[in-house]
Amino acid sequence: MNTMEIEFKFCIPAGRLKAVEAALRRGAVVRTRLQARYFDTADQRLVADGMVLRLRKEGRRWVQTVKVAGDNALHRLEHNVDLGTGAAAPAIDPARHAGTPVGERLARLLQATDGGAVPLVERQSTDIVRLTRDLRVSGPAGAVVEMALDVGKVVAHAGTPAQRASPVCELELELKSGDVQGLVALARRWSQQHGLWFSTVSKAERGMRLLAEQETVPAVKAEAPRFSAHSRDGRALQQAVVASCLDQMLPNASEIAAGSTDEEQIHQLRIGIRRLRTALRELAGLDADTSRFDAAGWEPPLVDAFRALGELRDREQVVKLAQPRLREAGAPEVDPLAGDASDAAAAPALTPGDIVRAAAFQDVLVSLIGFTAATPPSTGSAPLAADEARQQLRERLQRLHKQAVRDGERFESLATEHQHRARKRLKRLRYLAEFAAPLFAEADGGKKKKDAAGRYLKALRPAQDALGAFNDEAVALALYREVAVRDPRAWFAVGWFSARRAAGATACREALERIGEAPRFWKKK
């Protein structure tokens with residue numbers, strides 16, 4: 001059976017499992033033991049391509065499955081083959097998926113250079129007890145959703161002297177029929193009621209990490225949006241850009257929610273949030289129906305998370321950069337992050353995980369995922385047509401470009417607050433240019449236009465660097481001023497950073513003014 005799977009997966013906090021199970025059992029549930037074996041090549045070609053190949057015993061029946069990520073956070077392309085009942089496990093056979101899109105992709109991955117097939121090896125296994133219940137969502141966005149509570153373990157054993165295991169405790173919500181917004185509504189309700197958080201880590205990936213003895217994975221960075229070749233109206237552009245932002249945000253948020261304190265993951269999540277806020281601000285006019293693109297409703301939790309994560313990260317990063325320079329300048333030793341006696345009695349600070357697991361932030365993530373997966377409604381106001389949408393992007397890029405140049409002309413005379421605003425506007429210009437670049441490259445000259453976009457973005461970098469350094473020194477100055485109240489040794493740093501402000505402002509002005517000379521890739525010839 002070949003299907004497009006649409007599902008949410010949430011991790012369940014240990015203290016909430018009983019409540020989740022009790023809520024699930026308010027309807028008729030089916031208990032099944034799932035024992036799965038996962039296969040890949042020795043060089044892990046499948047996982048590198050985002051593909052999973054497994055053989056699973058579901059109760060008494062064996063099912064072979066291949067699945068791969070779809071075009072957004074909810075979609076999975078999947079093909080299942082029922083192999084019947086039996087005590088012994090059948091042999092894995094990729095040919096069972098022949099004639100399907102995902103099967104053809106699998107065959108290409110497994111083809112050896114000599115025309116033969118690359119052999120498969122078992123990499124990991126799972127032993128899960130699953131409780132399932134079908135729930136009908138009523139209302140305009142009606143849907144039938146299969147809810148699956150999975151509790152068990154993932155075991156990595158291939159090529160290892162001793163098995164290593166990782167516990168599994170998660171809730172999956174899969175759309176069986178009806179409107180995806182019905183699935184979204186149910187996901188929002190359950191995540192809020194039970195403190196669940198959205199996870200991007202599959203059981204197969206858990207096993208992979210066990211095999212690699214990998215505790216931290218690399219942070220996910222931003223990539224350009226992938227625009228549909230068939231639909232380029234305003235709503236389709238909004239969905240593609242939001243999906244691009246989520247592609248960066250969701251994996252990093254998932255790791256942080258699970259307990260990671262990796263600085264780069266936190267940094268990349270904040271970049272993703274800033275990119276998304278740019279999209280919400282600059283793309284709002286592409287669809288007149290704001291009930292679908294709810295920028296006003298989505299932004300506050302994003303702002304709160306961005307600021308809270310920044311408070312944890314920014315000062316530490318600034319101190320790391322500032323301390324060596326101050327020592328070189330002869331400053332007395334002082335720890336600006338050491339609290340005074342009143343700080344010691346204060347309530348414990350939030351962790352990055354606390355911030356990401358917050359109900360409001362998780363709710364907006366679920367809503368945004370649902371937006372990217374929504375199909376166009378048959379009624380209501382129409383989005384801007386493709387040509388109109390591109391014209392609006394031209395106008396917004398031009399407006400931000402002019403503002404950046406104007407900010408440069410008067411940067412030294414701006415108040416500190418307005419200097420900071422100039423930096424934020426420059427970031428919006430950069431992110432909007434990155435979002436729009438593929439559109440103009442495809443429509444206005446292919447590689448030549450793409451190169452023009454690359455040159456424009458490169459021209460922004462000196463100003464980004466200058467304003468970034470200027471902002472870091474402003475944060476350091478404010479921090480050392482606070483510290484000087486309780487430790488007079490910090491006054492050296494206050495004076496040193498204060499003396500640098502004028503030269504830093506001049507460097508920002510000059511860098512911003514040079515943006516005016518950059519050729520604008522969005523302009524019509």
Mind listing the side-chain donor-acceptor pairs of residues 214-221 below 3.5 Å, one per line with the distance, residues two or more places apart or on another chain?
none

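- With a 4.5 Å cut-off on side-chain heavy atoms, Arg275 and Met249 do not count as touching.
- Looking only at side-chain heavy atoms (C-beta outward), Glu78 and Val102 stay at 4.5 Å or farther from each other.
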Could you pull out all donor-acceptor pairs under 3.5 Å where a side-chain atom in residues 302-311 meets a protein atom, sequence neighbours excluded?
none

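- Residue pairs meeting the salt bridge (Lys or Arg N to Asp or Glu O under 4.0 Å) criterion with at least one member in residues 258-269, sequence neighbours excluded: Glu263-Lys320.
- A search for salt bridge (charged side-chain N to carboxylate O under 4.0 Å, His left out) contacts involving Arg96 returns nothing, not counting sequence neighbours.
- Rounded to the nearest 0.5 angstrom, Ser254 OG and Gln265 CD are separated by 9.5 Å.
- When the ring pair (Phe, Tyr, Trp, His ring centres under 6.0 Å) test is applied to Phe10, the partners found at least two apart in sequence or on another chain are Phe8.
- Within the 4.5 Å cutoff, side-chain heavy atoms of Lys203 are placed close to those of Tyr38.
- Without hydrogens or angle criteria, Ser367 side chain to Asp363 main chain gives a donor-acceptor distance under 3.5 Å.
- For His267, there are no ring pair (Phe, Tyr, Trp, His ring centres under 6.0 Å) partners at least two apart in sequence or on another chain.
- Residues Thr65 and Arg56 are not in side-chain contact: their nearest non-hydrogen atoms beyond the backbone lie 4.5 Å or more apart.
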